[in-house]
Every structure is written in C-alpha cells, then in structure tokens.
Undergrad: 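Got a structure for you, questions after.
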Amino acid sequence: MKNLGTMKQLRLAAPRTALWQEVPVPVPGPGEVLIRVIGVTTCPHWDLHLFDGQPMFPGQTLVYPYLPGQPGHEAMGEIVALGPDTTQFHVGQRVAAWRDTGKPRVGFYGEYNTFAESDLLAVPHTLQPAEIASLELAMCVEVSFQRLMAVGDLTGRSVGVAGLGPAGLVAVQLARAHGAAKVVGIDPVAARRTLALTLGAERAVAPSAIAWPAGRRDGAALDYTLDCTGRVDSVEFLLDRTREAVALFGVLRDEVRYAPRHMWGPGVMLIGYGDHNRAAAETALALVNAGSLRLAPLVTHTLPLHRYAEGVELLRQQEAIKVLFDPWA
C-alpha cells in the first residue's frame, strides 16, 4: 500500500505531558483495517492513571514516552482502507472497537488508527459518536452481568450498583435490560445519583451506614450487587447488604475482608471478573440499537483531542463523567 501521508496523534511523553504530534498515517497489516477516527471517549481510570504516571493495575511497569495514542480504546470511526486478508468490512463502513486486547499497541488517540477487524463491530451510520464510542466499556460491564446471571436469573430481582461513574451508569441500564425489577444506585456524588435516576435506577442513595444499616435478611437488602469503584470499603458495604452475590468490576488494589457473618443466611458469594468476549459486545450493541442502553448521557463534555490535558483535569475534578474527543476539531 502506498504512503498515506501524515496525521496528528497524541503521545504521553512523560507524566502530565501530552504532545500533539505529526506522524505518518499507519498502514494496515494482514487482518487489519485503517480507521478514520470520528470520536473517542475517555476511560477515566486509564486516563488518570497513565497521565499521572501511575500503573493502572498493581504490578504494572510504565515506560515513557508511552505507547502512541494510548489509552484511547473506546472509539468509533469509518474504515478508509483495508489490509491484506480482510473479509468482514468494506471501505466507508462505520465501526466501533469492542475490546482492548491488553497487548501493547497504538491507540485511537489520533486522527487515524489501524485495528484488527476481529476487534471491531459494524455500527449504524445513524449513531452519533457519543452514542456508540463507549461500546468497549459496555462490553466490559456486560461481562460482569454474564457472571451474575450464571449465578441466577435477574428477572424480577433487586440489583444494586455501587459507583455511578461511567461503568456504574452503564450497569444501572444493563440491570434493567436484563430484567431487574428494582435497581438501586449508590454513590456519594449527588449529581451522579440524579443521573442514575434518569437512566433506570428506582432509588439512588449515598453509601451511608447510618441511613442504610447493615443487614442481609431484612427488606432493605438487595439480591445482587455490582461494585464499580474498586474500593474495599465499597465492596464490604455491599457484602453487608446483599443476599446472594456481589460482583466485582472496579479494579481492587487491596484485600477485602469476607467475614464469618457473610457465610451464613445463606452465604453471600463474592464474584470476580470474567473474560472479555464478543458475545458481551454483541449484546451491548443490540441494546444500544434497541434504545435500552444509552451511552450518550455519560458524555458530559466534548473537546478537541489536542486539549487532552484539559479533559483529564475535568475527570480529576469530577466535573466530567466522560469526555468525548474529536481528533479533527
């Protein structure tokens, strides 16, 4: 394939230093397509950790300059070129990334990016960037619901979601979509509790032990809960107020105490995370297309990608839930 010219791309040169640099447009390899990025959303934990020079996962080692375009894994765009041996897509088709493989690679924080066609799903042209760019996040959260539904049917049950950031707000909607009769959002930030109520939560409360005393047998306890914070105090709060199972989505960095009281009555299960899979992504996309999962309300700010540092600061101050970046603005 001939030289495709140059483009602009974000590069984390050092902690708290983001460069908007000119680089060659990448050439798609076997099984890859070249995507003109239309919109890419922040993944707050990734962006805050990497921009600050802190590992996202315990034990991870970071080296700067960091991978070009990373994090940048929640994105949608239009296919402009096909690499050898591609069979699933055609030029002009709109796609969204459905998974980040976890392997070192260039991300979508740029005007163009190459990506394996196996990690993309076709999306309708009618969807705006804010409505679909975060499909990868929705897939991730759906994996937790796969784990919960392996324990029991959610239909007609009560489900709690702790942490009403992007993942938690997706989880509120997925709980409803999977048949929960009652969804309770739990978060200390009033504005996020209010947003959860518009997205399907019946109640939204602060994590207060005074207002919500511990107890797994009374009417205040929930059947299933999902922690999206990764905080030990949040997980332990849920364990004391959940009848059947607590699923973990947030990244834990410390040990959780599973006490003798959690073992009886019957005992509450603590469920770890599962594996990213295409079925979860296809379920999330089907719910987006059906209008049962709304990703646009998570996007509270839209900025040009070259103002990346400003977007991360909005996340840090909790003024933004998600920021949508436009590489072409």
Undergrad: Does any pair with a residue in residues 155-192 pass ring pair (Phe, Tyr, Trp, His ring centres under 6.0 Å), and if so which ones, sequence neighbours excluded?
TA: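 Matches after skipping sequence neighbours: Phe145-His178.
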Undergrad: Has Arg294 got more than 12 heavy atoms of other residues, nucleotides or ligands less than 6.0 Å from its CZ?
TA: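 It does not: Arg294 CZ has 12 such atoms or fewer within range.
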Undergrad: How long is the span from the CD atom in Glu78 to the CD1 atom in Ile38, to the nearest 0.5 Å?
TA: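 Reported value, rounded in 0.5 Å steps: 5.5 Å.
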Undergrad: Output yes when a side-chain donor or acceptor of Thr242 lies under 3.5 Å from a complementary backbone atom of Leu238, and no otherwise.
TA: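 The answer is yes, because a donor-acceptor pair under 3.5 Å joins these two groups.
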Undergrad: Between Glu131 and Ala296 (side chain of the first, backbone of the second, donor and acceptor by atom type, cut-off under 3.5 Å), is there such a pair?
TA: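 Side chain of Glu131 to backbone of Ala296, a donor-acceptor pair under 3.5 Å: no, none is there.
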Undergrad: Show the numbers, then the answer: is there a side-chain hydrogen bond (donor to acceptor under 3.5 Å, both in side chains) between Gln9 and Asn113?
TA: CA-CA 9 Å; Gln9 182 185 65; Asn113 193 31; 5.6 Å; no
Undergrad: Might you point out which heavy atoms bring Phe108 and Ala97 nearest each other, and give the distance in Å?
TA: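 Shortest heavy-atom separation between Phe108 and Ala97 comes out as CE1-CB, 4.0 Å.
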Undergrad: So, does Asp227 use its side chain to make a donor-acceptor pair with the main chain of Gly230 at under 3.5 Å?
TA: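 Side chain of Asp227 to backbone of Gly230, a donor-acceptor pair under 3.5 Å: yes, one is there.
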Undergrad: Taking only residues two or more places apart in sequence, or in another chain, which ones meet Thr41 in a side-chain hydrogen bond (donor to acceptor under 3.5 Å, both in side chains)?
TA: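 Thr41 satisfies side-chain hydrogen bond (donor to acceptor under 3.5 Å, both in side chains) with Glu74, Ser134 once adjacent residues are dropped.
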Undergrad: Any Lys/Arg nitrogen of Arg99 or Asp119 sitting under 4.0 Å from an Asp/Glu carboxylate oxygen of the other?
TA: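 Looking at Asp119 together with Arg99, the answer is yes, because their closest N to O distance falls below 4.0 Å.
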Undergrad: What residues form a side-chain hydrogen bond (donor to acceptor under 3.5 Å, both in side chains) with Glu282, not counting sequence neighbours?
TA: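 Scan of Glu282 (side-chain hydrogen bond (donor to acceptor under 3.5 Å, both in side chains), adjacent residues dropped) gives Arg278.
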Undergrad: With ring pair (Phe, Tyr, Trp, His ring centres under 6.0 Å) as the rule and sequence neighbours excluded, what pairs involving residues 244-274 come up?
TA: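 Checked against ring pair (Phe, Tyr, Trp, His ring centres under 6.0 Å) - neighbours excluded - the pairs reaching residues 244-274 are Phe249-Tyr273, Tyr258-His262, Tyr273-His276.
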Undergrad: If we only count heavy atoms from C-beta on, is the Cys43 to Asp47 side-chain gap below 4.5 Å?
TA: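 Cys43 vs Asp47: side chains touch.
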Undergrad: Would you say NE2 of His45 has more than 12 non-hydrogen atoms from neighbouring residues, nucleotides or ligands within 6.0 angstrom?
TA: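 Not buried by this count: 12 neighbours or fewer within 6.0 Å.
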Undergrad: Would a distance-only check, ignoring hydrogens and angles, find a side-chain to backbone donor-acceptor pair under 3.5 Å from Arg11 to Gln21?
TA: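 No.
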Undergrad: Residues two or more places apart in sequence or in another chain: which of them pass side-chain contact (heavy atoms from CB on, under 4.5 Å) with Ala329?
TA: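 Ala329 satisfies side-chain contact (heavy atoms from CB on, under 4.5 Å) with Pro304, Asp326 only.
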Undergrad: Measure the shortest side-chain to side-chain distance between Thr87 and Glu117 over non-hydrogen atoms and say whether it is less than 4.5 angstrom.
TA: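 With C-beta onward as the side chain, the pair touches.
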Undergrad: Does Arg36 pair with Glu111 as a salt bridge, N-O distance under 4.0 Å?
TA: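 Salt bridge: no.
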Undergrad: Looking at CZ of Arg203 and CG of Leu222, how far apart are the two atoms once the value is rounded to the nearest 0.5 Å?
TA: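 The CG atom of Leu222 is 8.0 Å from CZ of Arg203, to the nearest 0.5 Å.
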Undergrad: Inspect the contact between Arg231 and Asp254 and indicate whether a charged nitrogen and a carboxylate oxygen are less than 4.0 angstrom apart.
TA: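 Looking at Asp254 and Arg231, the cut-off is not met.
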Undergrad: What do you reckon, is CD of Glu255 surrounded by more than 12 foreign heavy atoms closer than 6.0 Å?
TA: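 No, the 6.0 Å shell around CD holds no more than 12 heavy atoms from other groups.
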Undergrad: If we ignore hydrogens and angles and just use 3.5 Å, is the side chain of Ser208 paired with the main-chain N or O of Ile210 as donor and acceptor?
TA: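 Yes, because the side chain of Ser208 sits within donor-acceptor range (under 3.5 Å) of the backbone of Ile210.
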Undergrad: By the salt bridge (Lys or Arg N to Asp or Glu O under 4.0 Å) test, which pairs, at least two apart or in different chains, include something from residues 206-224?
TA: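 Sorted result for residues 206-224: Arg157-Asp223, Asp223-Arg243.
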Undergrad: Quick check for you: to the nearest 0.5 Å, what is the distance between Ser234 atom OG and Ile186 atom CD1?
TA: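 One gets 7.0 Å once the value is rounded to the nearest 0.5 Å.
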